Amino acid sequence: MAYSTHEIHAIEEKWQKYWDEHKIFKAEKDTDKEKYYVLEMFPYPSGKIHMGHVRNYTIADCMARFRMSQGYNVLHPMGYDAFGQPAENAAIKNGVDPSEWTYKCMDQMRTNLKRMGFSYDWDRELATCDEDYYKWNQWIFKQMMERGLAYKKASSVNWCPDCETTLANEEVINGECWRCRIQVVQKDLSQWYLKITEYNEKLLEDLKTLDKWPSRVVAMQENWIGKSYGVDMFFKIKGFQEQVTVFTTRADTIFGATYVVLAPEHPLVKIITKGTDKEQEVNAFIEKVANESALLRVSGDQKKEGVFTGQYVVNPVNGQEVPIWIADYVLMGYGTGAIMAVPTHDQRDYLFATENNLPMKIVIQDPSNPAITVDEMECAYVEQGVLVNSAQFDGLNNVEAIEKIGKWMESEGTGKMSVRWRLRDWLISRQRYWGTPIPVIYCDDCGIVTVPDEDLPVVLPKNIKITGEGGSPLNYVKEFTDVKCPACGKDARRETDTMATFFDSSWYYLRYCSAKDESQVFDKDEAAYWMEVDQYIGGIEHAILHLLYSRFFTKFFKDLGLIDFDEPFIRLLTQGMVLKDGEVMSKSKGNTVDPDAVISKYGADSLRLCILFAAPPEDQLEWNDGAVDGSWKFLSRVERFIEDQCDADCQELLGKAAMDDEDKELNRVLNATIKKVTEDIENYKFNTAISSIMILMNHIAKYKYAQQKQTLVNEVGKKLVLLLSPFAPHLCEELWQRLGNQEKTIMEAKWPEYDETALVQDNIQIIVQINGKLRGKFDVAADSTEDQLKEIVLADDKVKQWVADKPIKKFIYVKGKLVNIVV
RNA sequence: GGGCAAGUGGUGGAAUGGCAUACACGUUGGACUUAAAAUCCAAUGGCCGUAAGGUCGUGUGGGUUCGACUCCCACCUUGCCCACCA
């Protein structure tokens, strides 16, 4: 029987139904068995699944099935990150209710996922827009509030005019909204924040334990958290009570500070210029900067502009009076919003000083040009050197001086060693409808009051009017906003902001452990058994946002005493994108390939095999229709081969009769394949795992018609089906049954183990090089000594010809591999 | 500006100090067939050569080594991340 489209679908549907009906993938806590938690980043339910999903979930499924076969108790759940803007946009555009639209998309997605044959425990399915999920978002928020980790603060925030909502720092990319790419503006608003900075030290420190994460993700997080050591230095302002505190990582250059710069937004600016003749000019500049877009201001080539405030500070180490400027290149959001400028040793300061004719002073000597003067300088000297013009620190290496000067200033009371972080608190308020309502009520008498636990969840009203204009639609729903104060009973008003959806996805992996538990956020015992996630798989685009937030939540839950581990995800794999014609597949580009259409033609197994075979999982994958055809051909070959085996009359002879050389060789190849496939799946090398199964197939195909080999070949065929089963589960399940095996499913059959002794070869091939160039190959006994080998090789005519009468300088022997004769 | 990847046949890729191009796709030729599809077999980096064989060849240029796709230095290109971060 040919592996026709018709038969493929019959087989795939048959086994999908069987797995589903018999709940083959239902995971239950069993302390006698070792657990393995495989998790993929759950999808936003936008409708049909795309190739990116297929790739992500196929990788995960392969690993999950591999662990199941190995006897682990595997948890492999699926759900939907279902709150968010696309549903609302669909509502604005087509007038459908976001809830209705989302649940419909989820149905579509579930159908697609089931057709891929993924090994999910569907009983744990969850959606973040379900009331019994977001109820716990609200509960978590309250827990954070009680501990001061959730708070409301008025400040200048990132605002996307198109989405009409605030954005977290992490959601602003190059000054643009991460979702719609519209330029973000700053707006003064009172908003809810989570105090992620409370955990900055732990978030940074524990990155060291994540040795099974891609190093670049760790580096990106490190960078984002951004810890820098430096000194806060105090500069007295002449004629004022106030002082300017600057932060610097370069205390070694303090003697070269020739002016000080404040950010335009710095609160001291107004104070020191008020009523002076500079006030007007300064205010005009501040306004100009405020109107500049964030994008323009951060672009590196932008000319640095600034104005003099008319005031002076005193350099605390040498008493020198230096001018105070304000400039657009100093940012209020980092450090203290004020810097000391050392134009001779900082390129930005150099450019600014040159532009504005500000004084300079060299304090680090360039060893290659020790006599250089300020006038001869063409750019800042930023390399190492010894200090000059720096009083008692002259002659010291500048790197050593950083700490020494810092400590000295601390002892003098003119400075303080300090640590600065780039990480800001996480802004979670969104002025949008389709999200978790923040469980807070505003009362004129009692202030901010949280909704009591017994009133949770604060249910998001459905079927309301969504226009996309005039702020959050919730503002216009009186039944929602008008409430009684839970504390005093008077009329009060409900918070209409909803939570950023990254809140929802920061803890869903814990909820899967007891997804249907209505009494608590998650079951402690279940979480203690299943967590941490052994293997997490998703896109690199979440390297900072989602993964950082999840790490924060995990640390918070540990402090709550609900869990006793520090990090949620032990191993992380970030899969590459799927491209078509060199570009990322996207609807807007119109270069998408519908996975469902591929399944209709070739079946899910061919699609799965193809997507794993085409490229290593972390690399970009260029989609090629022809490649599915190749996978299908290979599966057809396997199917035909096993069919032939089923027809043959076989007995259990393997290992009983003495094997001849041919048998031994087949047995060796089989064991080598088992070893390679096992190791490759563990190391994410699915493409080479598949190629080695192909090699095994090519090898046994030679034995097909040799009747006397039938038993051995049959045994090898069984193992081949087992090895292939994580990649092409439907077909392998079918073939396993056809081979007359008794197990209910192939997962019950144990993953084959390899025999090291079978890998040993009696004869091996030795490569012969002369002066590093390949000149011949010899078959020799595996246990040949160097001397024996030397004799054999040097006696060879060809070798003799190459060596001729040149003296042999060296004879290099790499055991079991090669010899290299140097003449 | 800083950081991190990557660069190998016509194509996807393999090899991480030891036979460069495994495995596949594609292409060409052959077998089977009335024919086609499917299947099976064979060939498939460039150049020289009838052949045996030789020679060049992993972005570019150097280096280390008996030996380099692999390690080191510099550069070029592409991708990603961060970015007036003091």
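For the numbers below, each heavy atom of this structure counts, side chains included, while hydrogens, waters and symmetry mates do not. Each chain gets a letter, A, B and so on, in the order the sequences are listed, and its residues count up from 1. No experiment lies behind these values; they were computed from the predicted model shown.
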Peer 1: Taking atom P in both U21(B) and G45(B), what distance in whole Å separates the two?
Peer 2: 9 Å
Peer 1: Check every strand shown and say whether G630(A) touches a base, only sugar-phosphate, or nothing at a heavy-atom separation below 4.0 Å.
Peer 2: sugar-phosphate
Peer 1: Of all residues at least two apart in sequence or in a different chain, which pass the side-chain contact (heavy atoms from CB on, under 4.5 Å) check with I695(A)?
Peer 2: none
Peer 1: Using side-chain contact (heavy atoms from CB on, under 4.5 Å) as the criterion, list what pairs up with T574(A), not counting sequence neighbours.
Peer 2: P214(A), V217(A), I540(A), L572(A), E618(A)
Peer 1: Which part of the nucleic acid, if any, lies within reach of R420(A) when heavy atoms closer than 4.0 Å are counted: base, sugar-phosphate only, or nothing?
Peer 2: nothing
Peer 1: What heavy-atom pair brings M233(A) and M340(A) nearest, and what distance separates the two atoms?
Peer 2: SD-SD, 4.0 Å
Peer 1: Roughly how far apart, to the nearest Å, are C69(B) and A15(B) at atom C1'?
Peer 2: 8 Å
Peer 1: Examine G1(B): is either OP1 or OP2 under 4.0 Å from a nitrogen or oxygen in the side chain of R348(A)? Give yes or no.
Peer 2: no
Peer 1: Considering only C82(B), U39(B), C84(B), which nucleotide approaches the side chain of I544(A) most closely?
Peer 2: C82(B)
Peer 1: Centroid-to-centroid, W426(A) to F502(A), below 6.0 Å?
Peer 2: no
Peer 1: K685(A) near the nucleic acid: base, sugar-phosphate alone, or nothing, with a heavy-atom cut-off under 4.0 Å?
Peer 2: sugar-phosphate
Peer 1: Report the distance from atom CH2 of W224(A) to atom P of G2(B), rounded to the nearest whole Å.
Peer 2: 21 Å
Peer 1: Which part of the nucleic acid does W802(A) contact within heavy-atom distance under 4.0 Å: base, sugar-phosphate only, or nothing?
Peer 2: sugar-phosphate
Peer 1: From C-beta outward on Q620(A), which listed nucleotide comes closest to its side chain: G79(B), G18(B), C40(B)?
Peer 2: G79(B)
Peer 1: If the P atom of G18(B) is compared with that of C82(B), how far apart are they to the nearest Å?
Peer 2: 37 Å
Peer 1: Using the C1' atom in both, what is the distance from C71(B) to U78(B), to the nearest Å?
Peer 2: 23 Å
Peer 1: Got a sec, which residues hit side chain to side chain donor-acceptor pair (under 3.5 Å) with K208(A), two or more places apart in sequence or on another chain?
Peer 2: E205(A)
Peer 1: Using heavy atoms to find the nearest nucleotide of RNA chain B for M220(A) and Q769(A) separately, return the residue whose nucleotide is more 5′.
Peer 2: Q769(A)
Peer 1: For atom C1', what is the distance between G63(B) and G13(B), given to the nearest Å?
Peer 2: 30 Å
Peer 1: Whole-Å distance between C56(B) P and L774(A) CG?
Peer 2: 13 Å
Peer 1: Indicate, with a heavy-atom threshold strictly under 4.0 Å, whether A627(A) touches base, sugar-phosphate, or nothing.
Peer 2: nothing
Peer 1: I767(A) has an atom CD1; how far is it from atom P of G17(B), in whole Å?
Peer 2: 18 Å
Peer 1: Just N and O in the side chain of R422(A): are any of them under 4.0 Å from OP1 or OP2 of A83(B)?
Peer 2: yes
Peer 1: Between K227(A) and E201(A), is the closest basic N to carboxylate O distance under 4.0 Å?
Peer 2: yes
Peer 1: Is G59(B) syn or is it anti, if syn means the base angle is within 90 degrees of 0?
Peer 2: anti
Peer 1: Have a look at N687(A) and say if it touches a base, only the backbone sugar-phosphate, or nothing, with a 4.0 Å heavy-atom cut-off.
Peer 2: sugar-phosphate
Peer 1: Rounded to whole angstrom, note down the C1' distance from A38(B) over to U60(B).
Peer 2: 48 Å
Peer 1: CD1 of I690(A) versus P of A14(B): gap in Å, rounded?
Peer 2: 12 Å
Peer 1: Starting at atom CZ of R216(A), determine the distance to atom P of G79(B), rounded to an integer number of angstrom.
Peer 2: 14 Å
Peer 1: Could you walk me through whether F641(A) and E639(A) pass the side chain to side chain contact (heavy atoms under 4.5 Å, CB included) test, one step at a time?
Peer 2: CA-CA 5 Å; F641(A) 177 77; E639(A) 199 252 13; over 6 Å; no
Peer 1: Scan the side chains in residues 246-256 of chain A for donor-acceptor partners under 3.5 Å anywhere in the protein, sequence neighbours excluded, and list what turns up.
Peer 2:
residue, atom, partner, partner atom, Å
T248(A), OG1, R250(A), N, 2.9
R250(A), NE, D252(A), OD1, 3.1
R250(A), NE, D252(A), OD2, 3.4
R250(A), NH2, D252(A), OD2, 3.1
D252(A), OD2, N398(A), ND2, 3.0
T253(A), OG1, R250(A), O, 2.8

Peer 1: Any idea which of A22(B), C19(B), C82(B) is nearest the S691(A) side chain?
Peer 2: A22(B)
Peer 1: Under 4.0 Å from OP1 or OP2 of C56(B): is there any side-chain N or O of K773(A) that close?
Peer 2: yes
Peer 1: One thing to verify: whether R640(A) and E643(A) come together as a salt bridge, which I'm taking to mean a side-chain N less than 4.0 angstrom from a carboxylate O.
Peer 2: no
Peer 1: In whole angstrom, what separates I225(A)'s CD1 from A83(B)'s P?
Peer 2: 14 Å
Peer 1: Taking the side chain of K633(A) as heavy atoms from C-beta outward, which of C19(B), U55(B), C25(B) is closest to it?
Peer 2: C25(B)
Peer 1: Does OP1 or OP2 of C85(B) have a side-chain N or O of N223(A) closer than 4.0 Å?
Peer 2: no
Peer 1: Counting side-chain heavy atoms from CB outward, which of G18(B), A86(B), A15(B) is closest to T688(A)?
Peer 2: A15(B)
Peer 1: Among the candidates C84(B), A86(B), C40(B), find the nucleotide nearest to the side-chain atoms of D328(A).
Peer 2: C84(B)
Peer 1: With a 4.0 Å cut-off on heavy atoms, is N698(A) in touch with a base, just the backbone sugar-phosphate, or nothing at all?
Peer 2: sugar-phosphate
Peer 1: Using side chain to side chain donor-acceptor pair (under 3.5 Å) as the criterion, list what pairs up with N158(A), not counting sequence neighbours.
Peer 2: N169(A), Q186(A)
Peer 1: Find the distance Q347(A):CD to G2(B):P and express it as a whole number of Å.
Peer 2: 12 Å
Peer 1: Take atom C1' in G7(B) and the same atom in G59(B), then report the distance between them in whole Å.
Peer 2: 6 Å
Peer 1: Measuring only the P atom in each nucleotide, how far is A52(B) from U44(B)? A whole number of Å is fine.
Peer 2: 11 Å
Peer 1: Between R775(A) and C19(B), is there a contact of a side-chain N or O with OP1 or OP2 at under 4.0 Å?
Peer 2: no
Peer 1: Check every strand shown and say whether I695(A) touches a base, only sugar-phosphate, or nothing at a heavy-atom separation below 4.0 Å.
Peer 2: sugar-phosphate
Peer 1: How many Å lie between CG on N683(A) and C1' on U16(B), as a whole number?
Peer 2: 14 Å
Peer 1: Heavy atoms under 4.0 Å, any strand shown: does F613(A) hit a base, just sugar-phosphate, or nothing?
Peer 2: base
Peer 1: Shortest non-hydrogen contact from N820(A) to N771(A)?
Peer 2: OD1-N, 3.5 Å
Peer 1: Would you sketch RNA chain B in dot-bracket for me? Only Watson-Crick or G-U wobble pairs with both distances under 3.5 Å count, crossing pairs as [ ], other-strand pairs as |, the rest as dots.
Peer 2: (((((((..(((.....[....)))((((((.......))))))((((....))))..(((((..]....))))))))))))....
